[in-house]
*Asks:* 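Let me give you the structure first, and then I'll get to my questions.
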Number of protein chains: 2
Amino acid sequence: MFSINPQSGLPIYKQLMEQIRRMISSGQLKPGDNLPSVRELALTHAVNAMTISKAYNMLEAEGLLARQRGKAMTVSDNNQLSENKQDRLKRLQPALSQLTIATDQLELDIEDVITLLRNKVEK
Amino acid sequence: MFSINPQSGLPIYKQLMEQIRRMISSGQLKPGDNLPSVRELALTHAVNAMTISKAYNMLEAEGLLARQRGKAMTVSDNNQLSENKQDRLKRLQPALSQLTIATDQLELDIEDVITLLRNKVEK
DNA sequence: TTATGTGTATTAATACAATAATACACTAGT
DNA sequence: ACTAGTGTATTATTGTATTAATACACATAA
């Protein structure tokens with residue numbers, strides 16, 4: 001469900017926050033849906049439980065998630081959460097910039113990159 | 001020449017290291033070429049000089065750069081440095097993965113992403 | 001009631017990242 | 001010699017990230 005990479009240099013809790021935001025944004029996580037438990041995520045990704053909790057905590061502060069003690073964290077249903085295509089494309093910008101900067105610095109042809117991209121998605 | 005973002009969560013010195021590696025890999029930086037001075041990069045990117053120095057230092061330890069006290073850091077000429085297309089495409093993998101994961105989680109159509117990518121490169 | 005499952009809070013410890021300010025060693029041009 | 005330009009080292013300080021180990025408050029089902 002999530003892709004956590006402790007070696008990436010990006011703080012784990014930030015990786016998790018961004019990925020949860022995306023899945024809410026797309027509607028794969030809907031208002032009322034339960035999130036995986038802190039301990040479960042900590043186990044499956046070999047990470048400390050408090051690190052997961054920190055991500056949940058901050059998303060709750062943002063209003064994206066709702067907490068009920070003793071129960072699983074859920075996606076908040078107060079807000080208009082899932083976003084239209086244009087909004088979701090905006091969330092892609094950082095990853096897109098990363099790729100174009102790398103493509104440029106490596107002097108690669110964008111069409112080659114696109115071919116690679118298509119292959120990666122198809123499989 | 002470089003694109004440094006102190007807010008990205010990624011350590012600044014690692015951002016710089018990776019970007020220098022790419023430009024050497026593509027041949028935009030050739031053996032013997034001078035790199036921008038520590039102080040110049042620090043100024044233009046509003047970053048501490050020692051942070052730049054750390055990146056240079058580690059790349060020197062890797063053998064990519066060569067230092068001569070009192071002179072500018074240069075690209076090392078001992079090694080086989082610039083890489084063929086396939087090798088450079090390999091260096092793109094992390095950025096590609098980032099993008100495909102995000103695309104997936106946002107439930108976006110890969111063709112829309114590719115369109116965005118083309119626009120970004122053309123301009 | 002008990003057992004097991006939620007998330008949370010706290011404390012301590014460790015490591016890393018970045019900054020500021022200063023000084024040093026060296027090179028090159030004047 | 002002087003000056004301005006390299007990279008480097010040092011010290012002190014700040015903030016962040018992560019972990020381990022416990023303990024707490026609450027919910028739910030047996």
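Predicted model, so just to flag it, every value in this text is computed and none were measured. Just so it is clear, the values below take in all heavy atoms, side chains as well, and ignore hydrogens, waters and symmetry mates.
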*Asks:* For a 4.0 angstrom threshold against heavy atoms of chain A, report the outermost contacting nucleotides of DNA chain D in 5' to 3' order.
*Replies:* dA17(D) to dT28(D)

*Asks:* Assigning hydrophobic clusters by single linkage (Ile, Leu, Val, Met, Phe, Trp, Tyr; side-chain heavy-atom cutoff under 4.5 Å), is Leu116(A) placed with Ile110(B)?
*Replies:*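 Same cluster: Leu116(A) reaches Ile110(B) through Ile, Leu, Val, Met, Phe, Trp or Tyr contacts under 4.5 Å.
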
*Asks:* In terms of the nearest nucleotide of DNA chain D, which residue is placed more toward the 5' end: Glu40(B) or Lys14(A)?
*Replies:*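 Nearer the 5' end of the strand: Glu40(B).
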
*Asks:* Side chains of Gln105(B) and Ser26(A) only: does a donor on one sit below 3.5 Å from an acceptor on the other?
*Replies:*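 Checked: Gln105(B)/Ser26(A) side chains show no N/O donor-acceptor pair below 3.5 Å.
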
*Asks:* State, without any angle test, whether Gln93(B) and Lys120(A) hold a side-chain donor-acceptor pair at a distance under 3.5 Å.
*Replies:*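 Yes, a side-chain donor-acceptor pair sits under 3.5 Å.
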
*Asks:* To the nearest Å, how far apart are Ile52(B) CD1 and dA18(C) C1'?
*Replies:* 11 Å

*Asks:* Rounded to whole Å, please give me the gap between CG in Asn48(A) and C1' in dA15(C).
*Replies:*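 My rounded result for the distance is 15 Å.
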
*Asks:* Which whole-number value in Å describes the distance from Met50(B) CE to dT19(C) C1'?
*Replies:*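 The answer, rounded to whole Å, is 11 Å.
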
*Asks:* Any side chain to side chain donor-acceptor pair (under 3.5 Å) pairs touching residues 61-71 of chain B, not counting sequence neighbours?
*Replies:* Arg21(B)-Glu62(B), Asn57(B)-Arg67(B), Glu60(B)-Arg67(B)

*Asks:* With respect to the side chain of Val38(A), which nucleotide from dA18(C), dT19(C), dG7(C) is positioned closest?
*Replies:* dG7(C)

*Asks:* Pull out every protein N or O sitting under 3.5 Å from an N or O of nucleotides 1-5 of chain C, one pair per line with the distance.
*Replies:*
unit_1: dG5(C); atom_1: N2; unit_2: Gly70(A); atom_2: O; d: 3.1

*Asks:* List the residues meeting side chain to side chain contact (heavy atoms under 4.5 Å, CB included) with Ser37(B), not counting sequence neighbours, and say none if there are none.
*Replies:*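 Residues passing side chain to side chain contact (heavy atoms under 4.5 Å, CB included) with Ser37(B): Arg39(B), Glu40(B).
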
*Asks:* Going by the rule side chain to side chain contact (heavy atoms under 4.5 Å, CB included), which residues pair with Gln7(B) if we only count those two or more places apart in sequence or in a different chain?
*Replies:* Asn5(B)

*Asks:* Taking NZ from Lys54(B) and C1' from dA17(C), how many angstroms apart are they, rounded to a whole number?
*Replies:*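 From Lys54(B) NZ to dA17(C) C1': 6 Å.
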
*Asks:* Whole-Å distance between dA18(C) P and Leu16(B) CG?
*Replies:* 11 Å

*Asks:* If I take atom CD from residue Glu18(A) and atom CG from residue Leu59(A), how far apart are they, to the nearest 0.5 angstrom?
*Replies:*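 Interatomic distance, Glu18(A) CD to Leu59(A) CG, rounded to 0.5 Å: 9.5 Å.
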
*Asks:* Once side chain to side chain contact (heavy atoms under 4.5 Å, CB included) is applied, do any residues pair with Ala72(B), and if so which ones, sequence neighbours excluded?
*Replies:* Asn34(B)

*Asks:* Hey, could you give me the CG/CD distance between Leu89(A) and Gln86(A), rounded to the nearest 0.5 Å?
*Replies:* 7.5 Å

*Asks:* Between dT19(C), dA17(C), dG7(C), which nucleotide gets closest to the side-chain atoms of Pro11(B)?
*Replies:*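 For Pro11(B), the side-chain atoms sit closest to dA17(C).
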
